[in-house]
Protein chains: 2
Amino acid sequence: MPRPAKHHPERGDARTRLLEAARDVIRAKGFAATSVDDLCKAAGVTKGAFFHHFETKEALGVAAAAYWTETTSAFFANAPYRKLDDPLDRLFGYVEFRKAIIDGDPAEFTCLVGTMTQEVYGSHPAIRDACAASIFGHAATLEPDIAAAMAARGIEADWTPASLARHTQAVLQGAFILAKATGGRAEALDSVDHLKRYLTLLFSTPRSKGNPHDGS
Amino acid sequence: MPRPAKHHPERGDARTRLLEAARDVIRAKGFAATSVDDLCKAAGVTKGAFFHHFETKEALGVAAAAYWTETTSAFFANAPYRKLDDPLDRLFGYVEFRKAIIDGDPAEFTCLVGTMTQEVYGSHPAIRDACAASIFGHAATLEPDIAAAMAARGIEADWTPASLARHTQAVLQGAFILAKATGGRAEALDSVDHLKRYLTLLFSTPRSKGNPHDGS
DNA sequence: GGAAACATACCGAACGGTTGGTATGGACGT
DNA sequence: ACGTCCATACCAACCGTTCGGTATGTTTCC
């Protein structure tokens, strides 16, 4: 039950400020290259505050992933496209929304948990698990709409709503890497457009056939 | 013009061994978390050798990206699918080949330059540029086949061969992140299957129409 | 042909700075 | 008075980097 600091009433408490600093700094520099001092400086607190709230740097990484999950969940749950009636419209609304928030610097629109996963999957299993839960939890929110859209159009496919939902995340994560490589957003947006076109093709075909180029 | 070391003909020279160690260790631990000592230990050389061949750790990162470009270029150029006659068969052969090499531990099948890009794009521009050249250079090798396949089937599209080629890389990079998150390969393979299905749909439609769900 | 002069490849101890983490004490609300 | 919250001071380990040194060619000139 952490009470808000009273002597700095205009800013949030140290823990939240550290989590926000982690969100911003780690997206820009990566987890390993971000020092505890970096985070304290960005949050405007001292090391005493840091290790009061987090046992280790790894624990902060886990907490940052959890914080990311909370904030992004609320962000998408309240997005306008969620109010659309048709499930397929909501699915395309999601993709359009993702496109719309690809703006500014890569550090501002890329995914914290995707970045951390890539970096620490081998050395910090606790962080990796928190990131995986975030990514796949977010993907799971798309499944009901996909399933409903399939049912509404009578689509019998050799893919599952879950696999398509995860595929959207793969495309987004990959698009972020392209954006980081170039420093621009055009390549990322192009790739999301390809995803949009794929969804269009999937849901305009009355019956999804087997892949004629299947290697088997 | 470094000539090959003559007095130790049985092992590769220290430089190559360090580059191979970098390829393996950085894929497993990331660039920032990999120390120079780690690399020297893995390569079986001393720090003296390291800094004899590379001015800084960053310079090794650039060289490792260049080495990755060289070795993977040769690897794909000699792959069996390259011998197929039909351009579209080569394109699907490429995707199948990518699927086939997703095997073992993520550290063994994921992309060094994608990992490094994600991590150092902000702090080490020199490494980022070398990685970007590798990714987009590899993507460019797909463009001729895509363009030829489009021409052969009379496809008029609102996308370019270059954008589709880059999209394949985005899907692969994103698939690698999913694989790292779970520790398994199934999710990565699923996503590449979605890519394959997308290509099938694109090249089975006689004329690619505008996107009915376009937000405009 | 042979030795001097130079170049290349590598070793390993040491350095200054930074790292994640700790020990301790004080301000504050209850 | 007491626990929570945070600041200051500090530490040992580790970091990337430097550098004096050795071993082994290669080139040059007599």
Side-chain angles (χ1 to χ4, degrees), chain A residues 1-22 25-26 28-64 67 116 119-120 123-127, chain B residues 1-22 25-26 28-64 67 116 119-120 123-127:
Chain A
M1 205 68 43
R3 60 168 170 71
K6 285 264 173 64
H7 49 292
H8 283 301
E10 73 284 1
R11 322 194 281 183
D13 61 320
R15 190 187 135 90
T16 302
R17 309 240 308 287
L18 279 166
L19 290 174
E20 288 168 352
V25 181
I26 293 176
K29 309 210 311 177
F31 180 78
T34 298
S35 72
V36 174
D37 278 332
D38 287 339
L39 294 170
C40 292
K41 200 167 293 181
V45 302
T46 60
K47 275 205 194 179
F50 184 99
F51 285 102
H52 172 72
H53 290 289
F54 307 104
E55 249 189 47
T56 62
K57 188 191 171 189
E58 183 181 45
L60 167 106
V62 174
Y67 183 68
M116 285 205 294
E119 204 180 336
V120 305
S123 5
H124 295 284
I127 299 180
Chain B
M1 209 65 43
R3 60 174 167 68
K6 288 259 178 66
H7 50 293
H8 280 167
E10 74 281 2
R11 341 185 273 176
D13 60 332
R15 191 186 135 91
T16 301
R17 310 241 308 288
L18 279 166
L19 290 174
E20 287 167 355
V25 181
I26 293 176
K29 309 209 315 177
F31 179 78
T34 298
S35 71
V36 174
D37 275 331
D38 287 338
L39 294 171
C40 292
K41 200 168 294 180
V45 303
T46 61
K47 278 204 195 182
F50 184 98
F51 285 100
H52 171 74
H53 290 288
F54 307 103
E55 251 191 42
T56 61
K57 189 190 170 189
E58 183 181 45
L60 167 106
V62 174
Y67 183 68
M116 285 206 294
E119 204 180 337
V120 306
S123 5
H124 295 285
I127 299 179

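Lettering of chains follows the sequences in order, A, B, ..., and the numbering in each one begins at 1.
Partners of B/His53 under the side-chain hydrogen bond (donor to acceptor under 3.5 Å, both in side chains) rule, at least two apart in sequence or in another chain, do not exist in this structure. Checked against ring-ring contact (aromatic ring centres under 6.0 Å, His included), B/Phe54 has the following partners two or more places apart in sequence or in another chain: B/Phe50. With sequence neighbours excluded, the residues satisfying side chain to side chain contact (heavy atoms under 4.5 Å, CB included) with A/Thr56 are A/Glu58, A/Ala59.
Distance CG (A/Leu18) to C1' (D/dC5): 12 Å, rounded to an integer number of Å. We find that CG of B/Asp13 is positioned 6 Å from P of C/dC10, with the value rounded to whole Å. Here D/dC5 presents its C1' atom at 13 Å from CZ of A/Phe54, a figure rounded to the nearest Å.
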Each nucleotide N or O in nucleotides 13-17 of chain D that has a protein N or O under 3.5 Å away: list the pair and distance.
unit_1	atom_1	unit_2	atom_2	d
D/dG16	OP1	B/Lys57	NZ	3.1
D/dG16	OP2	B/Val36	N	2.9
D/dG16	N7	B/Lys47	NZ	3.1
D/dT17	OP2	B/Lys57	N	2.8
D/dT17	O4	B/Lys47	NZ	3.0

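With values rounded to the nearest 0.5 angstrom, A/Leu18 atom CG is found 11.0 Å from A/His52 atom NE2. Atom CD1 of A/Ile26 is separated from atom CG of A/Leu60 by 5.5 Å, given to the nearest 0.5 angstrom.
Between B/His52 and the phosphate of C/dA9, there is a side-chain N or O to OP1/OP2 separation shorter than 4.0 Å. Contact annotation: B/His53 side-chain N/O to C/dA9 OP1/OP2 distance is not under 4.0 Å.
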Side-chain donor-acceptor pairs of residues 36-45 of chain A under 3.5 Å, sequence neighbours excluded:
unit_1	atom_1	unit_2	atom_2	d
A/Asp38	OD1	A/Ser35	OG	3.4
A/Asp38	OD2	A/Lys29	NZ	2.9
A/Asp38	OD2	A/Ser35	N	3.1
A/Asp38	OD2	A/Ser35	OG	3.2

